[in-house]
Amino acid sequence: QVIACEIDPRLVGELQKRVQGTCLANKLEIKVGDILKTDLPFFDACVANLPYQISSPFVFKLLLHRPFFRCAILMFQREFALRLVAKPGTKLYCRLSINTQLLARVDHLMKVGKNNFRPPPKVESSVVRIEPKNPPPPINFREWDGLVRIAFVRKNKTLSAAFKSSAVEQLLDHNYRIHCSLHNTVKKIQTVLKNTGYSEKRARSMDIDDFIRLLHGFNSEGIHFS
């Protein structure tokens, strides 16, 4: 059974013509519309050559989908694919890398040159395999992403410097309802960074376990990111 989602009605019509009158017709269901606005059905595997501008939101729509699926084989723009699999300390390592790797195992399967397409696009492509971690890590993803977002805004800065920005201080002060002054919150933030040993660390070199320990350190002191 195949459930296809397509936003272009011309391509939907072409697909319907190709299967009409064949044994495949009763095995195909087509949803017409924007995949990002479509409720995903139960499925075992996902295969897609995506419009590259929706790569990131589609990946996280998949990874937050329940029930779990077995795997997804997806084609992305080459640089996006390399960001998905990037490791701590490498140039392309970013918030996308660590968020995806928190929730899934990601493997780069193959490169696809632009000359394989007609007409050739301006970018190279890659095929990636994504396998969700089941069960998922016992982490509030909104909290996690709030922390990672702050850390990677300036991933080459130390965390001590990143958390001193006024916008970050105001956000955490709003969430930190026990204390009634910004001064107390700022002091608490720096204390947590120091006590966890991450004050002088940089996001570019921190792995998933590092961020889990840091998030637990903040949460244990009543500081939240969602």
Side-chain angles (χ1 to χ4, degrees), residues 36 55-68 79-80 82-106 128 130-226:
L36 296 182
S55 296
S56 185
F58 182 74
V59 166
F60 288 101
K61 182 180 179 76
L62 275 185
L63 291 179
L64 298 176
H65 176 68
R66 300 293 183 270
F68 285 98
E79 184 171 326
F80 182 89
L82 294 179
R83 288 181 186 277
L84 287 178
V85 299
K87 300 302 180 186
T90 61
K91 182 179 179 181
L92 292 178
Y93 186 63
C94 60
R95 178 173 156 235
L96 173 69
S97 315
I98 195 168
N99 277 353
T100 306
Q101 292 167 32
L102 172 75
L103 300 174
R105 175 183 171 183
V106 192
V128 169
I130 297 177
E131 180 182 340
K133 292 179 180 177
N134 185 9
I139 290 173
N140 180 320
F141 186 73
R142 286 184 61 194
E143 283 258 4
W144 164 274
D145 188 49
L147 169 62
V148 170
R149 186 188 301 268
I150 292 169
F152 276 93
V153 166
R154 296 287 184 272
K155 68 177 182 178
N156 293 325
K157 279 189 172 184
T158 65
L159 292 191
S160 179
F163 277 82
K164 283 178 180 175
S165 86
S166 59
V168 172
E169 291 170 357
Q170 290 169 13
L171 169 67
L172 298 185
D173 185 62
H174 175 74
N175 292 338
Y176 189 61
R177 303 184 185 282
I178 297 173
H179 291 263
C180 58
S181 74
L182 183 60
H183 174 73
N184 285 338
T185 305
V186 174
K187 185 176 180 181
K188 183 70 73 173
I189 292 168
Q190 295 302 319
T191 298
V192 170
L193 290 173
K194 183 177 180 180
N195 289 345
T196 54
Y198 291 106
S199 182
E200 299 304 311
K201 295 286 188 181
R202 290 170 169 79
R204 68 184 184 194
S205 61
M206 294 171 61
D207 61 18
I208 289 172
D209 290 339
D210 290 325
F211 278 104
I212 289 175
R213 284 192 285 269
L214 183 58
L215 181 60
H216 285 166
F218 278 120
N219 286 172
S220 66
E221 294 296 333
I223 298 175
H224 296 274
F225 297 84
S226 59

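From a predicted model like this one, the values you see are computed outputs, not experimental measurements. Residue numbers run from 1 in the order of the sequence given.
Remark: R202 engages no residue in a side chain to side chain donor-acceptor pair (under 3.5 Å) (not counting sequence neighbours). The side chain to side chain donor-acceptor pair (under 3.5 Å) check on E200 picks up nothing, with sequence neighbours excluded. Looking at residues two or more places apart in sequence or on another chain, you find no side chain to side chain donor-acceptor pair (under 3.5 Å) involving S205.
With rounding to the nearest 0.5 angstrom, the CE atom of M206 is 13.5 Å from the NZ atom of K155. Taking CG of L193 as the reference point, atom CG of L214 lies at 6.0 Å (rounded to 0.5 Å). Between R142 atom CZ and R149 atom CZ the span is 10.5 Å, to the nearest 0.5 Å. F58 contributes atom CZ, which lies 9.5 Å from atom CG of L63 (distance to the nearest 0.5 angstrom). For the atom pair C94 SG and R204 CZ, the distance stands at 14.5 Å (nearest 0.5 Å). For the atom pair CZ (F60) and CG (L103), the distance works out to 7.0 Å, reported to the nearest 0.5 Å.
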Working for ring-ring contact (aromatic ring centres under 6.0 Å, His included), residues F218 and F163: CA-CA 12 Å; F218 278 120; F163 277 82; 5.3 Å; yes

Verdict with supporting geometry, V148 and F225, side chain to side chain contact (heavy atoms under 4.5 Å, CB included): CA-CA 10 Å; V148 170; F225 297 84; over 6 Å; no

Working for side chain to side chain contact (heavy atoms under 4.5 Å, CB included), residues R105 and K133: CA-CA 7 Å; R105 175 183 171 183; K133 292 179 180 177; 5.6 Å; no

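When ring centroids are compared, F211 and Y198 stay outside the 6.0 Å threshold.
Only one option out of I223, N219, L215 pairs with L147 in a side chain to side chain contact (heavy atoms under 4.5 Å, CB included); it is L215. The one candidate from D145, N140, I139 that meets the side chain to side chain contact (heavy atoms under 4.5 Å, CB included) condition with E143 is N140.
In the model, Y93 has no side-chain atom that pairs as donor or acceptor with a side-chain atom of R83 under 3.5 Å. Between the side chains of S199 and Q190, no donor N or O sits under 3.5 Å from an acceptor N or O.
Remark: side-chain polar atoms of N99 are not paired, donor with acceptor, to backbone N or O of L96 under 3.5 angstrom. Within the 3.5 Å criterion, the main-chain N or O of A86 finds no donor-acceptor partner in the side chain of T90.
At least one side-chain heavy atom of R66 sits under 4.5 Å from a side-chain heavy atom of P136. Contact check for Q101 versus K87: side-chain heavy atoms found under the 4.5 Å cut-off.
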